[in-house]
Amino acid sequence: MEPSPPPPPPQISHLLSQLGQFPVTPKPDPDGPITPIPAAAAPPPPPLMLALTPELCDALRQELAPSPDDDAYFASCLRQSQLYLDAVAARLRLPSSSSSAAPPPPLPPRQGGQEQPGAAGSSSSPASSTKKRARPAAEMVRVANLGPADHLHYRALVRRARLTFEALRGFYQREEPSAGARNRADLRASSFMLSAGRWLHREVRIVGHIPGVLVGDAFYYRAELCVVGLHLAPQAGIGYIPGSLTNEGHPVATSIVSSGGYLDDEDTGDVLVYTGSGGRQRNRLDHHADQTLERGNLALHNSYLYAVEVRVIRGHICGLTPNATGRKIYVYDGLYRVVSSTFGPGKSGHDVCKFKLVRLPGQDELGSKSWHTAKQLKDAMDARIRPPRYISLDLSKGAEHLRVPVCNKLDDDRSPLLFEYTVRPKFHVPPATGTGKRQRGCHCATGCGSKCRCQRKNAGGPVYGEDGTLVLGRPVVYECGASCGCPLTCVNRVTQRGMKHRLEVFRSHETGWGVRALDLIPPGAFVCEFSGDVVLMDDDSGKGLTEGRSIIDPKRFPKRWKEWGDASVDPRYNRGPQSAEFAGPGYLLDVSHKRNVACYISHSCTPNVFLQFVVHGNEDEQCPHLMVFAMETIPPMRELSIDYGIDG
DNA sequence: GATTTTTCAATGGA
DNA sequence: CTCCATTGAAAAAT
């Protein structure tokens, strides 16, 4: 048997000739090496249903000029698929009888010229009455040319959806500590959000980037990928638009999750060899049967033929997670194009579909690569090697638990080194009232439980979970303190143990100086404290001194803590008794001379960290610590941002 | 439309 | 700690 020719690159001529030809059951040479799918051996092509108008054909042909230049080539592929999808979208059937149960929410105000709504209902009433399973919509779109205003809008939507997901997940997890059966809080959270109409982009099938999701964004659960619309299949690796929704009747893949679950996978970052699905026992690595070119496999093959870009999400096992055993984390790595599709025996002997994907140029740095560079930086610093352009290996000069490197790759500014570093502000300690009085702290000898006096000052249950993450944002948090009987390892002293995740200060184009994470920071984790010189408000001598100084006013921070842990979308959730009114801090922080890392965190109105007031033991309530907590999963090399309450 | 099939999860116990 | 069986949910296919 003569060897089949390699598949021609999917250029336009090829595309045009292939549009109607889909080999459904290829029969490759059983004992040969992996053979390309023989297009010639395909069954008679189904009728070509995509309307190729003369204009469209001309437009496509003009793209023909094959260029050796990769960028031009990829750009041409992108334009091709754009043309194709536009043609398909234009001919798509309408969403079947307004399939969304809830009435479409009012469109948010939008500034940019931009045709795609796709906002999940903000005020949509939970469509609990309708039993009908709401199916995803049929309309297929690609969102392009997002203006800055649109980007902010979508980023805020994604942020809120993830906050809700995390709050619900935490709520469900705590709700039944050990109710016999398995507690899949993640599934319950996503399921509830679906029924409440809070999945994003439900009314549309998005090809390409999901607006509001950045390359490098990290997710702890597959269910979370569903909620934001990145990858709709809860378990399957290939997400696709079913053939019944494209007018040609062929499925098209939109996203894949690569978790290294197959023997034949290879991954060098920009190039990924992905194995199709099927032929495998669940949870098993090895194949026991041949795969077939159906469903997801067929969809991915069609993405190859049509040159449609595919979202790639990589699953990493991160042993470094604070909460114990080898969790997985899913990182959005951007858009890839399928450059080859083959079918043949894999390592286990059975036939497998293999797809080679190449990352499209012009995107933000590969998320997975950022993890790598962060690790290299950390290794170098552990070995006391100063990477180039690092002006300090430790801004705190040993004062912090972890070293805080400073990096400036832009100019010669070394100003962070000019400030004195203070790990925590020095508050005026109130004189012990009543000398005969006993210590005001708790007397818990080992661990502080629900009986602990300090814990009970926090109305509505424990402040921190087992893993040390903040359960719920509060007006103020009372931790145990110096006068308590418990050790520093007490569960109620999370912020006193210092930073747990490495940060670095860096010079940035946009914000002057900024702070970014070197470690993965889980949502709800303590990040660091704001520090500087304390200026009491009622201190007359201090008032005049604030002129011309860098002052942080703790009162100016918007109450972003309200967004954290708020699961009130679920009516069964009640946050318990509200703690008494908190007057708020009565001091200013002067960071003109002394400061710490936190002062370099930049501002955003879609922040990924927030401020939580924390009182340690019997400290003055007027002077709560300004503690920074993560609001979302922060991947390595991602800049931290907080809402300072300045208009932006 | 209802039911079955498919799926590179996640848990908690052994 | 690794293995594993069980439960689980949504979309596509039937």
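Order of the sequence lines fixes the chain letters, A, B, ..., with proteins taken first and strands second; residue numbering starts at 1 for each chain.
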* For DNA chain B, which residues in residues 270-279 of chain A have a heavy atom at a distance below 4.0 Å? -> Y274(A), T275(A), S277(A), G278(A)
* Structure fact -> Ranking dT11(B), dT7(B), dA10(C) by distance to the side chain of Y221(A), first place goes to dT11(B)
* Would one find more than 12 heavy atoms of other residues, nucleotides or ligands at under 6.0 Å from atom NZ of K356(A)? -> no
* To do: Tell me which nucleotide among dT7(B), dA10(B), dA13(C) gets nearest to the side chain of P242(A).
  => dA13(C)
* Is there a donor and acceptor pair, one atom on the side chain of R182(A) and one on the base of dT11(B), closer than 3.5 Å? -> yes
* **Length of the CD1-P vector between I313(A) and dC8(B), whole Å** => 14 Å
* **Side chain proximity check, I238(A) to Y274(A), heavy atoms < 4.5 angstrom** => yes
* To do: Measure from the side chain of S259(A), starting at C-beta and using heavy atoms only, and say which of dT7(B), dA10(C), dA9(B) lies closest.
  => dA9(B)
* When you measure from the side chain of L194(A), which nucleotide among dA10(C), dG12(B), dG8(C) comes out closest? -> dA10(C)
* To do: Starting at atom NE2 of H288(A), determine the distance to atom P of dT7(B), rounded to an integer number of angstrom.
  => 10 Å
* Separation of R198(A) atom CZ from dA10(C) atom C1', in whole Å? -> 20 Å
* To do: Applying salt bridge (Lys or Arg N to Asp or Glu O under 4.0 Å) between R159(A) and each of E563(A), E166(A), E632(A), report the one that passes.
  => E563(A)
* Asked: Any side-chain N or O of K328(A) less than 4.0 Å from the OP1 or OP2 oxygen of dA10(B)?
  -> no
* Does the side chain of R638(A) reach to within under 4.5 Å of the side chain of D217(A), using non-hydrogen atoms? -> yes
* **E224(A) CD - dA9(C) C1' separation (whole Å)** => 16 Å
* To do: Answer yes or no: is there a side-chain heavy-atom contact under 4.5 Å between R295(A) and S277(A)?
  => no
* Asked: Taking N and O atoms by type only, does the side chain of R327(A) place a donor or acceptor under 3.5 Å from a partner on the base of dA10(B)?
  -> no
* To do: Kindly point out which of dT7(B), dA13(C), dA10(B) is positioned nearest to the side chain of A236(A)?
  => dT7(B)
* Could you say whether Y330(A) or R295(A) is positioned toward the 5' end of DNA chain B, judged by the nucleotide with the nearest heavy atom to each? => R295(A)
* State, with a plain yes or no, whether a side-chain heavy atom of R359(A) is found less than 4.5 Å away from one of V271(A). => no
* Where does DNA chain B form stems of at least three consecutive Watson-Crick or G-U wobble pairs, each pair having both distances below 3.5 Å? -> B:2-7 with C:9-14, B:9-14 with C:2-7
* Within the structure shown, what part of the strands sits under 4.0 Å from R205(A) by heavy-atom distance: base, sugar-phosphate, or nothing? -> sugar-phosphate
* Look at all strands and tell whether R222(A) reaches a base, only sugar-phosphate, or nothing, counting heavy atoms closer than 4.0 Å. => sugar-phosphate
* Asked: Could you give the CD1-to-P distance, from I329(A) to dA9(B), as a whole number of Å?
  -> 14 Å
* Ignoring backbone atoms, test whether Y240(A) places a side-chain nitrogen or oxygen under 4.0 Å from the OP1 or OP2 oxygen of dT6(B). => no
* Asked: D186(A) has an atom CG; how far is it from atom C1' of dA9(C), in whole Å?
  -> 10 Å
* **Separation of dA13(C) P from L232(A) CG (nearest whole Å)** => 14 Å
* Can you label the angle between the F192(A) ring and the Y172(A) ring as parallel, tilted or perpendicular, going by 30° and 60°? => perpendicular
* Asked: For L187(A) and dA11(C), what is the distance between atoms CG and P respectively, to the nearest whole Å?
  -> 13 Å
* Asked: Think R162(A) forms a cation-pi with F219(A), using NZ or CZ under 6.0 Å from the six-ring centre and within 45 degrees of its axis?
  -> yes
* Which word best sums up how the rings of F629(A) and Y464(A) line up, parallel for under 30°, tilted for 30 to 60°, or perpendicular for over 60°? -> parallel
* Asked: Contact class for D265(A) (heavy atom, under 4.0 Å): base, sugar-phosphate, or nothing?
  -> base
* Asked: Is it the case that more than 12 heavy atoms not belonging to K369(A) sit under 6.0 Å from its NZ atom?
  -> no
* **Partner set under side-chain hydrogen bond (donor to acceptor under 3.5 Å, both in side chains) for T373(A), not counting sequence neighbours** => none
